[in-house]
Structure formats: structure tokens, C-alpha cells
Amino acid sequence: MTDLTGFIAGLPKAELHVHHVGSASPRIVAELAARHEGSSPVPADPAQLAKYFEFRDFAHFIEVYLSVVDLIRDDEDVRLLTYEIGRELGRQNVRYAELTVTPYSSVRRGIPAKAFCEAIEDARAGAARDFGVELRWCFDIPGEAGLAAAEETLRIALDDRPDGLISFGLGGPEIGVPRPQFKPYFDAARAAGLRSVPHAGETTGPETVWDALRELGAERIGHGIAAAGDERLMAHLAEYGIPLEVCPTSNLRTRAVADLDQHPIATLVAAGVPVSVNSDDPPMFGTTLEQEYAVAARLLDLDAAGVADLARAAVRHSFHTDGGKAALLAEIDAYTTAQG
Ligand SMILES: O=c1[nH]cnc2c1ncn2[C@@H]1O[C@H](CO)[C@@H](O)[C@H]1O
């Protein structure tokens, strides 16, 4: 296992499902919480913070998530947060990451959209230069904020479009937030060349994944684990090559699954569904991408070669350029060969 842990650490990787504010390290959260002490329920002390990040259920997780979003007050906070995410990804030998960013939440809290986009772009340049990580953005609609959020997210994506923006998403709760209502916004985003990557089937059943496919033109699905309960859906995802972005520890910590041994990743893989493994909100779930690869290796009974294939799958499912994908795949090949 130690050998596999070392192999995973050195393996060049791509991360396809990781949220912006959900990636704030305890150090950054503490820094922001201390700065805004008295006006935030988020504790600055690491031990208390770990306790604060114990979630009763998915709704509680979203409540806590939004309290951390509240700590981001100006574009300097955004710049610092994003650059530090690049550092952590680089530390794990992640070469390419599609970061789910929710501009609506920050704009609503008073950060101008243009300043927000400039801050993430500055951090993108810094992360490439200083940590060797290529960052791309998925702008997601926070589902709980409804159509006003959809409208504004689309507007920012089209009018203030940062260079790194490649996709359009939908996050937050699924219960009480039907996917089809967002169809016009996804249609417009897709017409503007953005790829469709909604969350679906994380906390509700397979019908939500069908909705994401039929109504939102999903090209990849955030989570999508509910597909394991629908043979026809798994066959469809396999036939059309629509990948799921699976985040095992997230599902455990938000109590979407009762324990990791009941996680459906093996069922999905056995049915031929393309999957990648991702970290979602790593510090909030007490995990890292490296740990998610180790979890997946255990659940799928993979050796080093199998783990390298998981890393290749993430690259192939990504929206990187063909050249970028080829270079990263070559790097993975070189690494596995050198490791013997
Ligand atoms: O696992 C997740 N599922 C859905 N949304 C999430 C998750 N992690 C973070 N967010 C974030 O929750 C916010 C509120 O809608 C959004 O910003 C979304 O990106």
C-alpha cells in the first residue's frame, strides 16, 4: 500500500471535479475567518474547524459551504484563495484541473463580476507559472438560488468571459431544484461554446441524470452515482461515452452513501460507464485527490497500472486541448515506464 501511495503521489494527474471555495485550505479559511472574526460562524482554530466540517446531511453541508463562501469579501480574497488552490494541486502533481467556480455567490456578496474574473485569471497565470498547473473554469449555477442565479451566471460567462472558462455547470441541492428549468441557460451557454457539466444523481435518483442528459445536454455528469441503480442508464452512459465525475469520500461525508464499501463505483465500472476519480471539496471532506485515488484503488482492486489508467481516463474525459491531453498522457506513460 505504501508503494501504491508513493506511486499515486508522483503520478501526473488531472482533476475534473473540484469546487473553488470548497478547496480553501484550513490555513486560508483560518486567515479569512480571523480577518472577519465576530461576523462569521466559521472557526479559525483548525481543530474546531475540523469539527465544523462534520456534516449531518447534504443540506447541512451546503449551509456550511455557504458560510465559508461568506468569508470571501473582495477580489483580493478571491486571488489568494485561487492561487493557493493552484499550490496545493501542484504539490499533488496535478497538472491540469477544471475548477468549479460560482461567480454568482461572490457577485451577490458585492464583488464586481469583472474584478472577480480578473482575480481568478491572475491566479490562473500564477498557478501555471509557479506550480506548473493548468487551471480551467467551470462556472456553475448554485441551484438553491434558482433562475436569478442562472441568469446572472450566464451573463457573467458571456459578457465577462475569462480566458480559462470552458464549461457551464449546475451545483447545490438537487432535491426541490428540478434540472429542466435550467435548459434555456444551458442552451445559451452551449451555443457560446461552453461544455455542459451539471451535477446530477448525487443526492437524488437516476431520473435526475436522465434530465441532465436530455434537458441540459450534459457531456459529463458531476457525481451521477445514482446511475448505478438504473441498468438502462448505465448502458446509455457506456454507449455514448458520457463520463461520471466520481468523488467517493465526498459521498461518504455528505452521507450520500452510508459507507465506502457500499459506494457504487465498482458497479458503474463493471457496467462499462466511463468514470474519473475526483476530490470535490477536499479540505471540507478531509481528503485530497491522492487519497481519492487510494480509495478508488481499494474499491476497484487496482494495482499501479490500474491507477495509471484512472489518471489517463481523467485526461481523456477532460476538456483540455488535444495537444494538452497528448502531452499529459505522454507524461503519465513516461512516469509509469520509469516506475517499472
Ligand atoms: O458536492 C457538491 N454538490 C453540489 N454543490 C456543491 C458541492 N460541493 C460544493 N458545491 C457548491 O455548493 C454551492 C451551493 O450551490 C455551489 O457554489 C456549488 O459549487
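Both ligands and their constituent atoms are indexed starting at 1 by order of listing.
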Starting from [atom], locate the nearest protein heavy atom and write down its residue, its atom name and how far away it is, to 0.1 Å.
atom: atom 2 (C) of ligand 1; answer: Glu202 OE2, 3.5 Å
atom: atom 17 (O) of ligand 1; answer: Thr102 OG1, 2.6 Å
atom: atom 8 (N) of ligand 1; answer: Asp281 OD2, 2.7 Å
atom: atom 4 (C) of ligand 1; answer: Gly172 N, 3.1 Å
atom: atom 15 (O) of ligand 1; answer: Glu144 OE1, 2.7 Å

So for His223, does at least one of its heavy atoms come nearer than 4.0 angstrom to any atom of ligand 1?
yes
Contact between ligand 1 and Tyr104 is defined here as a heavy atom of the residue under 4.0 Å from a ligand atom; is it met?
no
For Arg56, is the CZ atom crowded, meaning more than 12 foreign heavy atoms sit under 6.0 Å from it?
no
Heavy atoms from other residues, nucleotides or ligands near CD of Gln181 exceed 12 (cutoff 6.0 Å)
yes
Using side chain to side chain donor-acceptor pair (under 3.5 Å), reason through Asp130 and Tyr83 one step at a time and then give a plain yes or no.
CA-CA 9 Å; Asp130 300 341; Tyr83 181 75; 2.5 Å; yes
As an exercise, identify every atom of ligand 1 less than 4.0 angstrom from a heavy atom of Asp140.
16 (C), 18 (C), 19 (O)
Here the atoms of ligand 1 under 4.0 Å from any heavy atom belonging to Pro142 are 15 (O)
Heteroatom proximity flag, His19 to ligand 1, N/O under 3.5 Å:
yes
Say whether Asp280, considering both its backbone and side-chain N or O atoms, lies within less than 3.5 Å of an N or O atom on ligand 1.
yes
Would you say the ring centers of His317 and His17 fall short of 6.0 Å from each other?
no
Output field: ring centroids Tyr65/Phe53 closer than 6.0 Å
no
Less than 4.0 Å between a side-chain N and a carboxylate O, is that true for Arg79 and Glu121?
no
Taking Arg298 first and then Asp261, would you say they form a salt bridge - that is, a charged N and a carboxylate O separated by under 4.0 Å?
yes
